Amino acid sequence: MRWSKLFVPTLRDAPGDAEAASHKLLLRGGFMRQLHAGHYSMLPLGWRVHEKIAAIIRLHMNAVGAQEFHLPTMHPARIWQQSGRWDLMGDEMFRLQDRKGADLALGMTAEEIFATAALEITSYRDLPQQWYQIQTKFRDEPRPKSGLLRVREFYMKDAYSFDIDEAGLDASYEMYREAYIRIFKHLSLPAVPVEASSGAMGGSGSNEFMVPSDAGEDDVVMCTKCDYAANSERATSALAVIADDEGPAEPELFDTPGVRTIAALAGFDGGATAENQIKTMVMMADGAITLALVRGDHSLNMQKLVDGLGVNDLRPATPDEAQATLGAMPGSLGAVAVAGLKIVADPALQGRTNMTTGANIDDKHYRGVSVERDIAVDEFMDLRDVAAGEACATCGAELEIIRCIEAGHIFKLGRKYTEAMGVFVLDDNGEKRVPIMGSYGIGVGRAMAGIAETHHDDNGVIWPVAVAPFEVTIVVVSMRDEATVEAGEQLWRNLRARGIDAAIDDRDARAGVKFADAEITGIPWRVTVGPKGVAAGNAELTDRATGTTVEVRLADIEQQVVDAIEAARIPTGAEAPLL
RNA sequence: CGGGCUGUAGCGCAGUUUGGCUAGCGCACCUGCUUUGGGAGCAGGGGGCCGUGAGUUCGAAUCUCACCAGCCCGACCA
């Protein structure tokens, strides 16, 4: 393309409300513009990047034998009601009505729709099936943020596997997991697979692909030594065993005037250190008061509680609700002798004795509490946040917590959707079998933002060759010098003839403007053709990433550019596509 | 949904505290001349429902109320 004809509205200053690096730089580079919160218009340069990313994902999906579909993005309510997610999805689903008053939804994911298509699979011989699409998804996010990182309308590659049994699902899942590793490598996204919570999708297992970045929204617990990595919503650690005294035969009530917090009780004469306290969290889980107990020095992870209880809606109870149920205000709450409420406790409390906790009487606590003896715990389940510095449960080394962007997520779904939609096949005994599903997602725009977050400097994004809007741009320093123009134009023609995605900056602008635009748009290679160089038979080749410039004979520049780009097209170490 | 902040030209901002004259600055844009290897110089010029609505006032960008929108921090997810 010719810059003189391109619409690339680069900005010297980023809009004041942009915060994340990718957000600022994608705006400044003229890649995109915000239409309203969570909805972005892709401008020509941005769309080129977006499409290159989509093409790479498509390449690797096709390589493992997945078949591309294109489903409607507007769905009838009926299909979502059938799976139960019409209600489950709540406010996150965009809903509308047609002229007849029929309820419709904008698709936020497509399990139900693909499962509907799967109704026509009738024989076990047709399994497994690997299906995918790259299609717009709508989610009414409570808080869109950070440019393309969290939006309400986005392209997602969503793939679905259908297998006859668990072993088949395991194989499909592993196939996608490996394909994802190849995809992220191809995209130059340093994504690591981590154990994850399945959240609202349900299912038996899931991995997220996490890109370390301060702009991310997830905390990932990573071992500094072995390859253990898990989302904090799932992560565990090894705790030192605490040896308790047996304590008294029954809990002792004692006065704790004004003591409202774990810390206050730890500093109170006759109190207890935090690790010898029981923290009682009063939660409202799907409308029912539930007590969640963790050790005093631990913090409750809400997602773990959601997963452990299998509920949809969870929030802390209000102080009034807590008082109405337990008879005391937060600060004096406990679970000793509480009956009629669901009580769950973190395993760190299992077997503990001689503990201290609230007595459900304002300004009074119990000491000498034995967890199993004095509290009617329904179930022990992992509930606590792992803290940095704790020991890895696998190898014992120190754990660290790293902020990450979730670039992909794969799930073993189970039979929830196939069952709901009534999908079945006949097996080799003529018996009805419900296929088991997996689902596998990558956000295209999010990947783009993730690349920008991990590949930029103060002057702009530094695109990897594989996704760059152009692989090389030729800066013609002076449009007034005929020999220079001709040298630039000829190089441009030759590079394109050799399959290089090249642009030429033929604007009648000052060189500085062209250099700045080449940098802010992040094109990985720049060839500078200027009057002095051309007169001497030279051009310059500049590497955007390092800023280094080498002088190259005009006769050699074409080959040198081709070599540099071809070497970078598939990142070193990436497996060749399995086509 | 809770907390904090912000809406003035395409972008970045000042002006608002203490109401007052034609609403200002930089960048960008248009015209002309000069310039042409790191975001040019000079001269001239265009562009504003001051987020929306109501109110107070002789008079509102400025004060009051309501609403809308956007950003950031928390609860939610590719």
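Each chain gets a letter, A, B and so on, in the order its sequence line appears, and its residues count up from 1. For clarity, every value in this text was computed on a predicted model and none was experimentally measured.
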Remember a base hit wins even if backbone is also touched, and classify [X] as base, sugar-phosphate or nothing at under 4.0 Å, heavy atoms.
{"X": "A:S146", "value": "sugar-phosphate"}
{"X": "A:E540", "value": "base"}
{"X": "A:P15", "value": "sugar-phosphate"}
{"X": "A:G530", "value": "base"}
{"X": "A:V475", "value": "nothing"}
{"X": "A:A407", "value": "sugar-phosphate"}
{"X": "A:D158", "value": "nothing"}
{"X": "A:A14", "value": "sugar-phosphate"}
{"X": "A:A516", "value": "base"}

Classify the ring geometry between A:F411 and A:H409 as parallel (under 30°), tilted (30 to 60°) or perpendicular (over 60°). parallel
Taking [atom1] from [X] and [atom2] from [N], how many angstroms apart are they, rounded to a whole number?
{"X": "A:E19", "N": "B:G70", "atom1": "CD", "atom2": "C1'", "result": "13 Å"}
{"X": "A:I520", "N": "B:G38", "atom1": "CD1", "atom2": "P", "result": "19 Å"}
{"X": "A:M284", "N": "B:C1", "atom1": "CE", "atom2": "C1'", "result": "16 Å"}
{"X": "A:R28", "N": "B:C11", "atom1": "CZ", "atom2": "P", "result": "15 Å"}
{"X": "A:K145", "N": "B:G74", "atom1": "NZ", "atom2": "P", "result": "6 Å"}
{"X": "A:R510", "N": "B:G41", "atom1": "CZ", "atom2": "P", "result": "8 Å"}
{"X": "A:D17", "N": "B:U8", "atom1": "CG", "atom2": "P", "result": "10 Å"}
{"X": "A:M156", "N": "B:C77", "atom1": "CE", "atom2": "P", "result": "13 Å"}

Using a strict cut-off of less than 4.0 Å between a Lys/Arg side-chain nitrogen and an Asp/Glu carboxylate oxygen, indicate whether [X] and [Y] qualify as a salt bridge.
{"X": "A:E519", "Y": "A:R526", "value": "yes"}
{"X": "A:E195", "Y": "A:R234", "value": "yes"}
{"X": "A:R48", "Y": "A:E51", "value": "no"}

For nucleotides [N] and [M], find the distance between their [atom1] atoms and express it as a whole number of Å.
{"N": "B:G47", "M": "B:U56", "atom1": "P", "value": "34 Å"}
{"N": "B:G19", "M": "B:C76", "atom1": "C1'", "value": "45 Å"}
{"N": "B:U8", "M": "B:A61", "atom1": "P", "value": "15 Å"}
{"N": "B:G51", "M": "B:U16", "atom1": "P", "value": "15 Å"}
{"N": "B:G10", "M": "B:C29", "atom1": "P", "value": "15 Å"}
{"N": "B:A9", "M": "B:C30", "atom1": "C1'", "value": "15 Å"}
{"N": "B:U17", "M": "B:C21", "atom1": "P", "value": "13 Å"}
{"N": "B:A23", "M": "B:U62", "atom1": "P", "value": "14 Å"}

Would the base of [N] count as contacting [X] through its side chain, where contact means a donor and an acceptor less than 3.5 Å apart?
{"X": "A:R526", "N": "B:G38", "value": "yes"}
{"X": "A:E519", "N": "B:G38", "value": "yes"}
{"X": "A:R139", "N": "B:C77", "value": "no"}

Would you mind pulling out the nucleotide paired to [N], Watson-Crick or G-U wobble, both distances under 3.5 Å?
{"N": "B:C29", "answer": "B:G45"}
{"N": "B:U64", "answer": "B:A54"}
{"N": "B:G2", "answer": "B:C73"}

For every nucleotide of nucleotides 45-51 of chain B, 5' to 3': is a protein heavy atom under 4.0 Å from its base (B), only from its sugar-phosphate (S), or from neither (-)? -------
Judged by atom type as modelled, is there a donor-acceptor pair below 3.5 Å linking the side chain of [X] to the main-chain atoms of [Y]?
{"X": "A:T73", "Y": "A:T136", "answer": "yes"}
{"X": "A:S161", "Y": "A:Q130", "answer": "no"}
{"X": "A:R28", "Y": "A:G460", "answer": "no"}

Judged by each residue's nearest nucleotide on RNA chain B, which is more toward the 5′ side, A:E233 or A:D508? A:D508
Does the ring of A:F154 meet both stacking tests against the six-membered base ring of B:A78: centre distance under 5.5 Å and plane angle under 30°? yes
Taking side chain to side chain contact (heavy atoms under 4.5 Å, CB included) as the criterion, tell me which of A:M284, A:E321, A:M283 meets it with A:P316. A:M283
The criterion is side chain to side chain donor-acceptor pair (under 3.5 Å); which residues satisfy it with A:H75, sequence neighbours excluded? A:W80
Within the pair A:Q34 and B:A69, is there a side-chain N or O less than 4.0 Å away from OP1 or OP2? no
Quickly, which of A:D218, A:D219, A:D214 forms a salt bridge (Lys or Arg N to Asp or Glu O under 4.0 Å) with A:R403? Name it, please. A:D219
